[in-house]
Amino acid sequence: MDNIVDYIKTQIETIVSQSVKDLMVKGIFPEFELTGVNVEIPREKGRGEFSANTAMQITKKVGKPPRMVAEEIIKNMKLEDSYIERVECAGPGFMNFYLKKDWLTDALKLIEEKGADYGKINFGKGKRVMVEFVSANPTGPLHMGNARGGALGDCIASVLEAAGYDVTREFYVNDAGNQMEIFGRSLEARFIQEIRGEDAVEFPEDGYFGEDIKERAREYIKEYGQDLIKQPSEIIRKTLADYALEKNLKSIKEALGYYGINFDVWFREKSLYESGAIEDTLNYLKNNGFTVEKDGALWLSAEAAGIEKDEVLVRANGLCTYFAADIAYHRNKFVDRGFDWVINLWGADHHGHVARMKAAMKALEIDPDKLDIVLFQLVRLYRNGEIARMSKRTGKSISLMDLLDEVGRDAARFFFNLKTSGSHLDFDLDLAVSQSNENPVFYVQYAHARICSMLSLLEGEGLRVPLAKEVDFSLLDSKEERELMTKLAELPEEIKSSAVTLEPSRLTRYLMDTAGLFHSFYNACRIKGEKKELAEARLFLAAQTKTVLGNVLRLLSISAPERM
RNA sequence: GUGCCUGUAGCUCAGCUGGAUAGAGCAACGGACUUCUAAUCCGUAGGCCUGGGGUUCGAAUCCCUUCAGGCACGCCA
C-alpha cells in the first residue's frame, strides 16, 4: 500500500455499494444500477474524515427522502475489519464517516517506512508520457513566458513521475523555418553594421532587435575575424545563424540548468526535414484526402479535418509552415517513438493552434485525447508599479537569468507554481526582489529548517527520534497533532490529484498548509521538558513532517534548507 | 465581428465532474519571546462569488444572457 487515503476511500465505496445492493436484495430499495460512490474529504471540520453523498444522488431512484435513504444505507453497512468506527447521517443526507484512530497511526508508519519515497504512487502504471515544454525559439535568451512554462512543465513532469509514469522531458528546437531566416538576416545586418558602421545597411523591419543579436555578431568577429563579409549574403546568413544558434542553445541550457531543469531530449526541427518525416506526413495527408490546393499553396482542408478554416501547410514558395512541421513532429512522438500520452505546454497566445493540432492528429489516426495541451496565461511584468512590456525584439526584456539572479531559483519556481496555469500572473519584480516574508517559499522552508534545528538540538540533549513501533500514538491527541497527521496522510492522494489535473500548484498549496499546521503544532505542543513518552511521540511526528516537506520540496526542485 | 481564457475579501488567488455555515495567504487591527528558530503563533475584522434569468431537493460551480479585462483570428511561429 502506498496511499492510505485512497485505500480508505475504496473501502468506503465498497461498503456503501454493498449496503445498497443488500437493500435491493431485501426488497427495501427497488432494483437500479448504482453508477458509483463519491467519497470526499469534507471541507469543514467536525463532519467526519470522509463523507459520501450517495443517498442524495439516488433519492429519486429509491423514491424516499435522502435522509431516510442515508439512514437505511448506514443501518445495513458491514463495518467489520475496516478503518471506519461509525457513520452519521448529517445535513440534507450526507453520510459522514468517522475513522478509528489507527488510520493515522498507519499513515505515520507508512511515512517512516517509505522515507524519501513517501508520496510516490503507482497510479500511472509506467505509462510512457512525454512532456514537451519551454521549446523557446533559439533566437535569443529565455523570457518570462519561458520561465513560467519551464517551472510548470518541469513540475508537471515531476508530479507525473511521482505518480508512477515513465516521463520524458523534451525541448523542441525550432532550428528551421521562417524565423531562422529572420534570425540570419538580423545577424547579417548586425555583422555588417559592426564592421562598416550603423548606416552601412538597413536593419530588417521584421528582424530581432535585441542586444543579444549584436552581441553574437561581435562574438563571431572576435572569434573568426571579418573575412566572412566577402562571402555571398546567403553564406553569411547561414554561417552566422548556425554559429549563433549553437551559442544560444548553450546559454539556454545553462540558464535552464540554474533553474533546475534538465531535458532528456533536445529534438531538432531540422531533423524532421532531413529524415523526410515532413514529406511523409504531407504525403499521408494528401493521399487520404485531407488537403486541398489553392492559390499555389497546399492547405489542410477545413472540411476534411473538421476545423474552422483551411490552414496552409506548404506555401506557394514551396516552404513548409510551422504547422506542417509540427504535425510531423507529433506524428514522430506518437508513431515513431510510441508515447502513450503527450503533454505540451503552450503560452495562451497559441490557443488557436490547439483545435487544428488535434484535428491533424485525428487525420493521422492518432487519438486526439492522447494529446493534452496545457495552456498557461502569459506573465505580466511589473516594475515600479508599471507594466514592463517584455519583448525579445525591444531588447528591454528581462531574461530568465536576470530573474534567477534577482530572486533565486527557489522563489521563482515556487512563485510560478503558486497559481493554476490558467490564471493570469502578474509578476511584481520589486516584490520578488524584496525577499520579504511575503514570499511564501520562506514560510515553507522555515518550517523545514525549524524541524531540522530542533531535531539536532534535542538529539544533543539525548532525545532521539524513536521508531514507530516504540511510539505510543494515543498520546498524539490534540487538535494540532491530529490535523497535522491528517495532512501528512493526504500527500499521496494530493499527488494523484495533481497528476490528474496537471496542476502542480496543488502541491505548493499543500506545502503551505502543511507548514502552517506544523508551525501551529510547534507553538501548541512542546517537546522539550515533556515526559519522555510524550516528547518522543511528538518528536516522531515532527520527523515525519520533515520527511513530507522535504519530499515535496525536492519534487518541485526547491531546496529544503537545514538551517536559515 | 468570430472564437478561447478570466471575473470570488482592500490585494493576490483556492474552491468549478452541482452539496452542508464560500476558504487561504498578504495587507489592517489586538495579543504572545526568562521556555525546542518570533522568518513563528493566537485572535478580530473583512463577501449582492460582475449584473440578470434558467435548470432542481440544492448553484460560486451547469445552461442562456449582460457587463468588464486579457488573448487569438497571417502563405508568422
Side-chain angles (χ1 to χ4, degrees), chain A residues 36 38 40 42-44 46-47 51 53 56-57 59-60 65-66 90-94 96 135-137 139 174 177-182 206 269 294-299 308-323 325-326 347-355 375-378 380 418-426 428 431 435-447 449-458 460-461 463 480 500-501 503 505-506 509 512-513 515-516 518-530 535 538-539 542 563-564:
Chain A
N38 237 339
E40 288 175 346
R43 208 154 312 225
E44 301 283 321
R47 289 174 182 161
S51 82
N53 63 354
M56 291 179 287
Q57 286 179 326
T59 181
K60 269 188 182 164
F94 289 98
N96 290 345
S135 298
N137 281 341
T139 50
N174 300 126
N178 197 47
Q179 96 270 339
M180 271 296 118
E181 295 293 316
I182 299 171
D206 60 350
E269 182 182 0
K294 65 177 181 196
D295 306 330
L298 184 72
W299 308 65
E308 278 186 24
K309 56 187 173 74
D310 296 343
E311 296 290 341
V312 177
L313 294 168
V314 182
R315 300 187 193 101
N317 64 10
L319 295 176
C320 289
T321 59
Y322 174 86
F323 184 39
D326 216 15
D349 53 342
H350 288 67
H351 69 78
H353 195 50
V354 175
L375 294 173
F376 56 92
Q377 296 293 326
L378 294 182
R380 238 183 340 192
L418 209 45
K419 286 152 197 182
T420 53
S421 49
S423 72
H424 297 268
L425 180 59
D426 292 337
D428 185 336
L431 182 72
Q435 294 211 4
S436 67
N437 62 348
E438 284 169 29
N439 196 333
V441 67
F442 294 114
Y443 183 78
V444 173
Q445 290 181 321
Y446 181 61
R450 204 176 209 187
I451 298 171
C452 292
S453 134
M454 182 173 76
L455 292 184
S456 71
L457 188 126
L458 291 176
E461 296 183 10
L463 199 54
E480 287 81 7
V500 169
T501 57
E503 284 291 0
S505 60
R506 299 185 76 105
R509 259 176 276 127
M512 289 191 285
D513 289 348
F518 173 76
H519 287 309
S520 297
F521 158 75
Y522 178 89
N523 277 274
C525 307
R526 299 199 56 80
I527 294 175
K528 203 174 159 183
E530 295 289 350
R538 286 177 173 170
L539 199 58
R563 64 184 62 223
M564 286 174 78

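Note on naming: letters A, B, ... go to the chains in the order of the sequence lines (proteins, then strands), and numbering restarts at 1 for each one. When reading the values below, keep in mind they use all heavy atoms of this one structure, side chains included, and skip hydrogens, waters and symmetry mates.
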Legend entry - Any donor-acceptor N or O pair under 3.5 Å, side chains A:Ser421, A:Glu503: yes
Every protein N/O within reach of nucleotides 21-24 of chain B N/O, cut-off under 3.5 Å:
{"unit_1": "B:G23", "atom_1": "OP1", "unit_2": "A:Glu44", "atom_2": "OE2", "d": "2.8"}

Inset, instruction - Would you mind telling me which residue lines up with the more 5' stretch of RNA chain B, A:Tyr322 or A:Lys309, judged by nearest nucleotide? - result: A:Lys309
Legend entry - Sidechain N-carboxylate O distance under 4.0 Å for A:Lys309, A:Glu311: yes
Legend entry - Side-chain N or O of A:Tyr443 closer than 4.0 Å to phosphate OP1/OP2 of B:A38: no
Inset, instruction - Looking at every strand, decide which applies to A:Asn53 at a 4.0 Å heavy-atom threshold: base, sugar-phosphate, or nothing. - result: base
Inset, instruction - Using the P atoms only, state how far B:U34 lies from B:C13, rounded to an integer number of Å. - result: 40 Å
Inset, instruction - In whole angstrom, give the distance that lies between atom CE of A:Met454 and atom P of B:U37. - result: 8 Å
Inset, instruction - Would you tell me if any nitrogen or oxygen in the side chain of A:Arg315 comes within less than 4.0 Å of OP1 or OP2 on B:A77? - result: yes
Legend entry - Conformer about C1'-N of B:C33 - syn within 90° of 0, anti elsewhere: syn
Inset, instruction - Looking at every strand, decide which applies to A:Ala449 at a 4.0 Å heavy-atom threshold: base, sugar-phosphate, or nothing. - result: base
Inset, instruction - Return the value, rounded to whole Å, for the distance between atom CD of A:Glu311 and atom P of B:C73. - result: 10 Å
Legend entry - Minimum side-chain heavy-atom gap A:Met512-A:Pro440 below 4.5 Å: yes
Legend entry - Protein-nucleotide distance (A:Arg563, atom CZ; B:U40, atom P), rounded to Å: 19 Å
Inset, instruction - Using a 4.0 Å heavy-atom cut-off across all strands, classify A:Asn96 as base, sugar-phosphate, or nothing. - result: base
Legend entry - A:Tyr446 vs B:A39: side-chain N/O to OP1/OP2 distance below 4.0 Å: yes
Inset, instruction - For B:C57, take OP1 and OP2 only and decide whether either is under 4.0 Å from a side-chain N or O of A:Lys60. - result: yes
Legend entry - For atom CZ of A:Phe521 and atom C1' of B:C36, their distance in whole Å: 11 Å
Legend entry - Nearest-nucleotide pick for A:Val312, side chain only, options being B:A77, B:C36, B:C75: B:C75
Legend entry - Which nucleotide in B:C71, B:A77, B:C75 has an atom nearest any side-chain atom of A:Gln179: B:A77
Inset, instruction - Pick base, sugar-phosphate or nothing for A:Asp326, based on heavy-atom distances below 4.0 Å to the nucleic acid. - result: nothing
Inset, instruction - Would you indicate, yes or no, if B:C13 has its OP1 or OP2 atom less than 4.0 angstrom from a side-chain nitrogen or oxygen of A:Thr420? - result: no
Dump the pairs, protein N or O against N or O of nucleotides 29-35 of chain B, anything under 3.5 Å, distances to one decimal.
{"unit_1": "B:U35", "atom_1": "O2'", "unit_2": "A:Arg526", "atom_2": "NH2", "d": "3.2"}

Legend entry - Side-chain donor/acceptor of A:Arg538 to backbone N/O of A:Arg526, under 3.5 Å: yes
Inset, instruction - Please determine, for the side chain of A:His351, which listed nucleotide (B:C4, B:C75, B:A77) has the closest atom? - result: B:C4
Inset, instruction - Keeping the roles fixed (side chain from A:Asn317, backbone from A:Leu319), state whether a donor-acceptor pair exists under 3.5 Å. - result: yes
Legend entry - Candidate nucleotides B:C42, B:A20, B:U37, ranked by approach to the side chain of A:Ser520 - the nearest: B:C42
Inset, instruction - Would you check if A:Glu480 and A:Tyr522 make a side-chain contact, meaning some heavy-atom pair closer than 4.5 Å? - result: no
Inset, instruction - With the side chain counted from C-beta on, respond yes when A:Met180 and A:Asn174 share a heavy-atom pair under 4.5 Å apart, and no when they do not. - result: no
Legend entry - A:Arg506 side chain near B:G15 phosphate (N/O to OP1/OP2, under 4.0 Å): no
Legend entry - Pi-cation contact, A:Phe518 with A:Arg450 (under 6.0 Å, within 45°): no
Inset, instruction - Establish, with yes or no, whether the OP1 or OP2 oxygen of B:C76 is under 4.0 angstrom from a side-chain nitrogen or oxygen of A:Thr321. - result: no
Inset, instruction - Name the nucleic acid region contacted by A:Cys525, choosing base, sugar-phosphate or nothing; use a 4.0 angstrom heavy-atom cut-off, strictly under. - result: base
Inset, instruction - Have a look at A:Tyr522 and say if it touches a base, only the backbone sugar-phosphate, or nothing, with a 4.0 Å heavy-atom cut-off. - result: base
Legend entry - Along RNA chain B (nearest heavy atom to each residue), the more 5'-positioned of A:Pro66 and A:Leu425: A:Leu425
Inset, instruction - Give me the ring orientation class for A:His353 and A:Tyr322: parallel if the planes are under 30° apart, tilted from 30 to 60°, perpendicular past 60°. - result: tilted
Grab the N/O contacts between the protein and nucleotides 5-10 of chain B below 3.5 Å, and write none if there aren't any.
{"unit_1": "B:C5", "atom_1": "O2'", "unit_2": "A:Gln377", "atom_2": "NE2", "d": "2.9"}

Inset, instruction - Identify whether any heavy atom of A:Leu457 sits under 4.0 Å from a base atom; if not, whether one sits that close to sugar-phosphate; answer base, sugar-phosphate or nothing. - result: sugar-phosphate
